[in-house]
Amino acid sequence: MKWAYIEDIADFKDQEVELRGWVYNKRSGGKIRFLLIRDGTGMIQGTIYSEDKDHPLFQAFDQLTQESSLIVRGVVKEDKRAPGGFELGITDMEIIQTAQEYPITPKEHGIPFLMEHRHLWLRSQKQRAILQIRAELTKAIRDFFDNRGFRNLDTPILTPSACEGTTTLFETEYFDQKAYLSQSGQLYNEATAMAFGKVYCFGPTFRAEKSKTRKHLIEFWMVEPEVAFANLQDITDLAEDLIVSIVARILETRKTELDILERETSPLERVKKPFHRMKYGEILPDLKKKGSKIDWGDDFGAPEETILSEIYDSPVCITHFPAKIKAFYMQPDEENPDEVLGVDVFASEGYGELIGGGQRIHDLGLLEKRVKEHKLPRDAYEWYLDLRKYGSVPHSGFGLGLERTLSWICKIKHIREAIPFPRLLYKIYP
RNA sequence: UCCUCGGUAGCUCAAUCGGCAGAGCGGGUGGCUGUUAACCACUAGGUUGUAGGUUCGAGUCCUACCCGAGGAGCCA
């Protein structure tokens, strides 16, 4: 008999199939029994009917507990009464393992309990929907860059020094040296961009910051493109195109999952080019008008991100930040050296910063000066300075946080649900 | 790191002024021909986060600690 997956069940109407999966829930009614089976691709209701109270299938059914694993065989029937529109008339059942009392019952649970059982929570409908969209999002991002001729070149996770020298890094041993977990692939991207023109890296990054908010993970995934000869304008266009492209893909292919999450799609449908683009200095008066206490030179905080999404109902690009709040490698604006050619993209609906990036310093002298000003160990950056000695060109790039983007697309309350196993402040189990 | 709130059955929660520790779900037993987080009846299940203190008496009040949640700063 053919082993089928539930997501393809419509193709097997009136045919006999074998399904392999787990018990999601069961209900019984005297001479009829209902079994909700999930197989990782979907869910279907199986039915057993008999006049005989002691029918072997009833006996097997009665043994089943939530999340027991089993193989069932039967005929696929279309039935409007069944969730999903199809059901399986079970003719044969093989129990693989009878699950012990399953902790996550089909009732409400609290966050601490669910987090403690994250390895099981992943089986729930909403968690599956979020992570299904995550998988599609990753694919959409790769497709976007691959289709534009970008080369995917991985950057190291173990690094000899800080990329930006600001945020706290995880330190580890590297034989007789110290090493740090990467917090960005950018500096290495700049090297590969000089070798390949257009590159991107896509991998995990680590921040040892003691952040405890719904927008922060200790370990998160980031895609970082870097383009030789690109300026701020070019890279802002790229950032817009990327976001428009991935949102469109999710709307097109993951409607079912967005429905499971009860995600209203109209804010996503509004994600079209061009985005609102403003200089930092231009947006300040609007922020202040709405109650922000920000002054020129302050970085955006949570209140500013909230206000931005109150003013605009789609993503916004902010450029030309004060130099002192940005990283050492940011290219200053020629007309106004206190400002740098950086761009941040803020999501709508209060989800905050999705993208941070901009144009990098390509002048050797200026970069050397910045390294000194930021008190960075010059010998660790020697290779990075080399990139400015041998055919230096203006170049730009950015980083997009995968989990933040996913949180926004799914409109979930907390970023911890946007990754299978979140690493949170002081929390590394399971 | 700071601020706020919380910890009672496997889970979600209740317990009046300090006065016998309870319900729903889940488990077990039985019932029901179409259930949709099924339903109905019965049943088992407790070191009230830990340590100390006040009191005739503490889940409740006080002190310290542990754990968790929400928020801030920093960032993607």
Side-chain angles (χ1 to χ4, degrees), chain A residues 24-36 43-53 58 62 65-67 77 79-85 87 89 99-117 120-121 124-125 163-164 166-169 183-186 204-224 239 298-306 325-327 343-347 351-357 398-408 413-416 418-419 424-427 429:
Chain A
Y24 186 77
N25 201 357
K26 62 176 194 176
R27 299 181 267 273
S28 63
K31 293 176 186 165
I32 191 162
R33 308 279 152 104
F34 300 95
L35 192 59
L36 275 170
M43 184 116 66
I44 193 168
Q45 173 168 282
T47 57
I48 307 167
Y49 175 79
S50 173
E51 296 285 341
D52 177 9
K53 263 179 71 174
F58 279 5
D62 291 340
T65 53
Q66 194 190 347
E67 287 302 318
K77 290 174 290 191
D79 193 314
K80 284 200 177 110
R81 290 171 297 186
E87 64 182 22
Q100 295 178 26
E101 202 174 315
Y102 190 68
I104 304 179
T105 60
K107 289 280 172 179
E108 282 171 32
H109 298 279
I111 287 296
F113 178 78
L114 290 170
M115 286 306 298
E116 194 75 9
H117 296 85
L120 303 176
W121 191 20
S124 313
Q125 283 246 66
C163 269
E164 305 184 14
T166 51
T167 40
T168 328
L169 296 166
Q183 55 170 351
S184 164
Q186 187 210 311
T205 49
F206 308 86
R207 306 266 166 106
E209 289 157 8
K210 304 206 166 163
S211 305
K212 185 178 158 60
T213 82
R214 65 181 73 180
K215 288 174 187 166
H216 286 87
L217 290 168
I218 301 297
E219 176 182 313
F220 66 97
W221 286 67
M222 184 158 66
V223 61
E224 294 174 277
D298 295 340
D299 205 354
F300 287 7
E304 286 70 36
E305 291 186 345
T306 307
I325 58 169
K326 289 289 174 184
V343 55
D344 284 3
V345 183
F346 293 88
Y351 278 82
E353 192 180 342
L354 300 180
I355 280 179
F398 62 79
L400 172 128
L402 181 68
E403 290 80 9
R404 281 201 185 162
T405 307
L406 183 62
S407 298
W408 167 58
K413 288 198 188 80
H414 199 294
I415 198 166
R416 66 184 157 223
I419 185 166
L424 298 160
L425 187 57
Y426 305 129
K427 286 206 63 153
Y429 178 91

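The chains referred to below are lettered A, B, ... by the order of the sequence lines, with proteins before strands, and numbering in each begins at 1.
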Watson-Crick or G-U pairs under 3.5 Å in RNA chain B, rendered as dot-bracket with [ ] for crossing pairs and | for another strand: (((((((..((((.....[..)))).(((((.......))))).....(((((..]....))))))))))))....

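Within the nucleic acid shown, A:Leu354 comes within 4.0 Å of sugar-phosphate atoms alone, with no base atom in reach, counting heavy atoms only. Backbone-only contact: A:His109 has heavy atoms under 4.0 Å from sugar-phosphate atoms and none from a base. When heavy atoms are screened at a 4.0 angstrom cut-off, A:Phe206 is found touching no nucleic acid atom at all. Residue contacts for A:Glu87: at a heavy-atom cut-off of 4.0 Å it reaches a base atom on one of the strands shown. Within 4.0 Å of A:His414, counting heavy atoms only, lie sugar-phosphate atoms of the nucleic acid but no base atom.
Counting only N and O atoms by type, the side chains of A:Glu224 and A:Ser184 include a donor and acceptor under 3.5 Å apart.
One donor-acceptor pair, N or O on each side, does fall under 3.5 Å between the base of B:rC74 and the side chain of A:Ser211. Residue A:Glu116 places no side-chain atom within donor-acceptor reach of the base of B:rC11, judged by atom type and a 3.5 Å distance cut-off alone. For a distance-only test at 3.5 Å, the side chain of A:Arg404 qualifies as a donor-acceptor partner of the base of B:rC75. No hydrogens or angles were tested; on distance alone, nothing pairs the side chain of A:Thr213 with the base of B:rC74 as donor and acceptor under 3.5 Å.
Using bins of under 30°, 30° to 60° and over 60° for the plane-to-plane angle, the ring pair A:His117/A:Phe113 lands in the tilted bin.
No close placement of the A:Tyr351 and A:Phe346 rings is indicated, their centers lying 6.0 Å or farther apart.
When the P atom is used for both B:rG59 and B:rC67, the distance is 25 Å, rounded to whole Å. A distance of about 11 Å separates the C1' atoms of B:rG24 and B:rA14, rounded to the whole Å.
Using a 4.0 Å cut-off between charged nitrogen and carboxylate oxygen, A:Lys31 and A:Asp52 do not count as a salt-bridge pair. Between A:Lys77 and A:Asp79 there is no salt bridge, since none of the side-chain N atoms of the basic residue sits less than 4.0 Å from a carboxylate O of the acidic one. A salt bridge does not link A:Arg81 with A:Glu87: every distance from a Lys NZ or Arg NE/NH1/NH2 to an Asp or Glu carboxylate oxygen is 4.0 Å or more.
Here the P atom of nucleotide B:rG31 and the CD1 atom of A:Ile32 are 18 Å apart, to the nearest Å.
The shortest distance between side-chain heavy atoms of A:Leu35 and A:Arg27 does not fall below 4.5 Å.
Between A:Phe113 and A:Leu400, the residue whose closest nucleotide on RNA chain B is further toward the 5' end is A:Phe113. Nearest-nucleotide mapping onto RNA chain B: of A:Gln66 and A:Ile218, the residue sitting toward the 5' end is A:Gln66.
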